[in-house]
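Reading through the structure tokens given below for one structure.
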Amino acid sequence: MKSPEFQQSLEKYADVIVKVGLNLREGQRLIVNAGITDYPLVRAITQSAYQAGARVVTVFYNDDEIGHIRLKMSSREALKDVPTWLLQAYLDHAKNGDAFLRISSENPDLLADVDPEAIAIQRKAMGRKFKKVAEYTMRDAINWCVISYPAEAWAKKVFPGVSAKQAQEKLWEAIFQTCRVDQPDPVAAWQAHILDLKKRSAYLNAKRYSALHYQAPGTDLTVGLPRGHQWLAAQSHAENGINFTANLPTEEVFTMPHRDKVNGVVSSSRPLIVYGKTVEDFTLTFEKGRVVNITAKKNEDTLRKLIETDEGGSRIGEVALVPVSSPISQRGHLFFNTLFDENAASHIALGRAYRSTMKGGAKMTEEQFNKRGGNYSLIHSDFMVGSDKMDIDGILADGTREAIMRKGEWAFEA
Ligand code: ZN
Ligand code: ZN
């Protein structure tokens, strides 16, 4: 693991994160959120960030197990306590136009033995407290990015049956491949990939479809798109003037649905992890935008709890298109981490919409955004619906239908 080749890949990965993901500017401060085992990558990122001219890099190391202990031992009342000083640190950075990085490395099974109700209470309290900070990222006021590190427990879940060391090596390889770190010039490879995705989003924006129609076994869903919706991909333009890539890897082209105009039934094509539990083979039936029926082969109650978080939790806030030829889909295994799994198939998110997916959305009040069809919720939970059996049509204002995807692949040239 500690070979010179590995160290070189680690540094290349750090450079992709700093240059493509964050596109960190000289003089910016950076907050990094990481797991305690992620430090080799955090150090490489810190090196790369200061090289790019970072003013201060502040790292918050989280120990998954500490959070687990608290959830098991605290009273429901105490779980609602979110320290204000922590909020202040983030708000101070956000208001100053600084950057945020989150390293996702959590053990997918960590919370399996915790009461979902306790998790829901804590998440809700956290969501309320950090609402203002989430607003900064949801409307792209600043440059932010989420990436991953193959921590041991996560790696073992993805690659069972081999030693922990081998599992970690295999997950590193998967991360390096899907994040294009294995390419001769990873930054250039990303620029080409971003351009390709941007062509797709430009094509869809020019069409101004009024709705999408999804068809697959167990799925017949019509999703209305609001006036002024914007398809986005790979790169976002932040209010602080910086073009950044919020997720590495990323393969999706996405926009927002109209919160009241979703009708029909949709079936999941991959499991969804909610509060540490795996919800399998589920269907959601929508009427006028609201979920009116839920079925699941496994952990239906957990899914129900998620949807019942608040009013907006029973509606959707994102529709994203990903072809089955995406490198993550082609790997053919689950990652048990949304960052990867959402890039393996077309997906839909329960909960809040990104302000940036509506023209002028960032400047609207919550009420205006809502009126235009934007959904608000404390949750944003992506679930996979796409497969090689899915067809998606775009419906124009006059009712004309055009093929967007056939058998899970793009059906248009961009
Ligand atoms: Zn998405
Ligand atoms: Zn999403």
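Numbering of residues begins at 1 and proceeds along the displayed sequence.
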With sequence neighbours left out, the residues meeting ring pair (Phe, Tyr, Trp, His ring centres under 6.0 Å) with Tyr13 are Phe176

Would you say Asp220 and His213 are linked by a side-chain donor-acceptor pair, where the criterion is simply a distance under 3.5 Å?
yes

Hits for salt bridge (Lys or Arg N to Asp or Glu O under 4.0 Å) against Lys305, two or more places apart or cross-chain, chain-then-number order -> Glu117

- Task: Before accepting this row, confirm whether a basic side-chain N of the pair Arg352/Glu366 lies closer than 4.0 Å to the acidic partner's carboxylate O.
- Result: no

Open item on the list: Heavy-atom count check: over 12 atoms from other residues, nucleotides or ligands less than 6.0 Å from Tyr61 OH?
Closed with: yes

Asp310 and Arg128 ion-paired at < 4.0 Å: no

Here the pair of heavy atoms bringing Ser377 nearest to Gly313 is OG-N, 3.5 Å

The side-chain contact (heavy atoms from CB on, under 4.5 Å) partners of Met390 (sequence neighbours excluded) come to Tyr214, Ala216, Thr219, Val385, Ser387, Ile392

Side chains of Asn23 and Gln235: is there a donor and an acceptor less than 3.5 Å apart? no

request  = Would you check if there is a donor-acceptor pair between the side chains of Thr285 and Glu287 at a distance under 3.5 Å?
outcome  = no

Report the C-alpha distance between Tyr136 and Lys95 in whole Å, list the side-chain angles of each, state the deciding distance to 0.1 Å, and finish with yes or no for side-chain contact (heavy atoms from CB on, under 4.5 Å). CA-CA 8 Å; Tyr136 278 96; Lys95 283 179 187 157; 3.2 Å; yes

Does the distance from a Lys or Arg side-chain N to an Asp or Glu carboxylate O, for Asp260 and Arg315, drop under 4.0 Å? yes

Please lay out, stage by stage, how Trp190 and Thr250 fare under the test side-chain contact (heavy atoms from CB on, under 4.5 Å).
CA-CA 10 Å; Trp190 268 101; Thr250 183; 3.9 Å; yes

Quick check against the 3.5 Å criterion: does Lys156 have a side-chain atom that pairs as donor or acceptor with the backbone of Ala167? no

- prompt: Any chance the side chains of Ser325 and Glu409 put a donor and an acceptor closer than 3.5 Å?
  reply: yes

- request: Decide yes or no for Pro323 and Met405: does some side-chain heavy atom of the first lie under 4.5 Å from some side-chain heavy atom of the second?
  value: yes

Closest heavy-atom pair, Asp382 versus Leu272, reported as atoms and distance to 0.1 Å, is O-CD1, 3.1 Å

The single option from Val253, Ile404, Leu321 that satisfies side chain to side chain contact (heavy atoms under 4.5 Å, CB included) with Arg200 is Val253

Exercise. Heavy-atom count around Gln177 CD within 6.0 Å, excluding the residue itself: above 12?
Worked result: yes

Is there a side-chain contact between Phe369 and Tyr376, using heavy atoms and a 4.5 Å cut-off?
no

Close side-chain approach of Ile273 and Asp341, heavy atoms under 4.5 Å: no

So ring-ring contact (aromatic ring centres under 6.0 Å, His included) across residues 73-99, not counting sequence neighbours, yields Phe60-Tyr90, Tyr90-Phe100, Tyr90-Phe130

Correct closest heavy-atom pair for Ile36 and Asp63 would be CD1-CG, 3.6 Å

Residue set satisfying salt bridge (Lys or Arg N to Asp or Glu O under 4.0 Å) with Asp92, at least two apart, ordered chain then number -> Arg29

> Does a side chain donor of either Ser104 or Asn337 reach within less than 3.5 Å of an acceptor in the other side chain?
Replying inline: yes

Residue pairs passing the salt bridge (Lys or Arg N to Asp or Glu O under 4.0 Å) test with at least one member in residues 225-251, sequence neighbours excluded, are Arg139-Glu239, Arg180-Glu251

When every non-hydrogen atom of Pro226 is compared with those of Met256, the smallest separation belongs to CD-O, 3.2 Å

Residue pairs meeting ring-ring contact (aromatic ring centres under 6.0 Å, His included), one or both in residues 255-275, sequence neighbours left out, come to none

- Message: Before you tell me yes or no, could you show the steps for Asn299 and Val274 under side-chain contact (heavy atoms from CB on, under 4.5 Å), namely the whole-Å CA-CA distance, both residues' side-chain angles and the distance that decides it to 0.1 Å?
- Response: CA-CA 9 Å; Asn299 288 318; Val274 182; over 6 Å; no

What one should report as the nearest heavy-atom pair of Asp38 and Ser105 is OD2-OG, 2.8 Å

Original post:
Is the side chain of Ser326 donor-acceptor paired with the backbone N or O of Asn343 at a distance under 3.5 Å, no angle test?
Top reply: yes

Hey, mind stepping through Trp154 and Ser148 against side-chain contact (heavy atoms from CB on, under 4.5 Å) and telling me if it holds? CA-CA 11 Å; Trp154 173 32; Ser148 65; 3.8 Å; yes

- Mark yes or no for whether Thr46, through its side chain, and Val42, through its backbone, hold a donor-acceptor pair below 3.5 Å. yes

Can Arg304 and Glu300 be counted as an ion pair, charged N to O under 4.0 angstrom? yes

- Query: With a 4.5 Å heavy-atom cut-off, do Leu284 and Ile348 have their side chains touching?
  - Reply: no

message = Quick one, Leu204 and Thr255 - any side-chain contact, counting heavy atoms below 4.5 Å?
response = no

Residue pairs meeting ring-ring contact (aromatic ring centres under 6.0 Å, His included), one or both in residues 388-414, sequence neighbours left out, come to Tyr203-Phe412, Trp410-Phe412

Regarding Asp113 and His68, do their side chains bring together a donor and an acceptor under 3.5 Å, going by distance alone?
yes

Would you indicate whether the side-chain heavy atoms of Val16 and Ile147 approach each other to under 4.5 Å?
-> no

Review point. Is the count of non-hydrogen atoms from other residues, nucleotides or ligands lying under 6.0 Å from Arg76 atom CZ greater than 12?
Key: yes

Between the CZ atom in Arg270 and the CZ atom in Phe282, the distance rounded to the nearest 0.5 Å is 12.5 Å

How about Asp98 and Ile142: do any of their side-chain heavy atoms sit closer than 4.5 Å? no

Residue pairs passing the ring-ring contact (aromatic ring centres under 6.0 Å, His included) test with at least one member in residues 291-339, sequence neighbours excluded, are Phe159-His333, His333-Phe335, Phe335-Phe340

On a heavy-atom basis, the closest approach of Ala344 and Ser329 is O-CB, 3.2 Å

Exercise for review: With the side chain counted from C-beta on, respond yes when Asn143 and Gln28 share a heavy-atom pair under 4.5 Å apart, and no when they do not.
Suggested key: yes

Across all chains, not counting sequence neighbours, the salt bridge (Lys or Arg N to Asp or Glu O under 4.0 Å) partners of Lys298 are Glu280

The salt bridge (Lys or Arg N to Asp or Glu O under 4.0 Å) partners of Lys80 (sequence neighbours excluded) come to Glu77

With sequence neighbours left out, the residues meeting side-chain contact (heavy atoms from CB on, under 4.5 Å) with Lys297 are Asp281

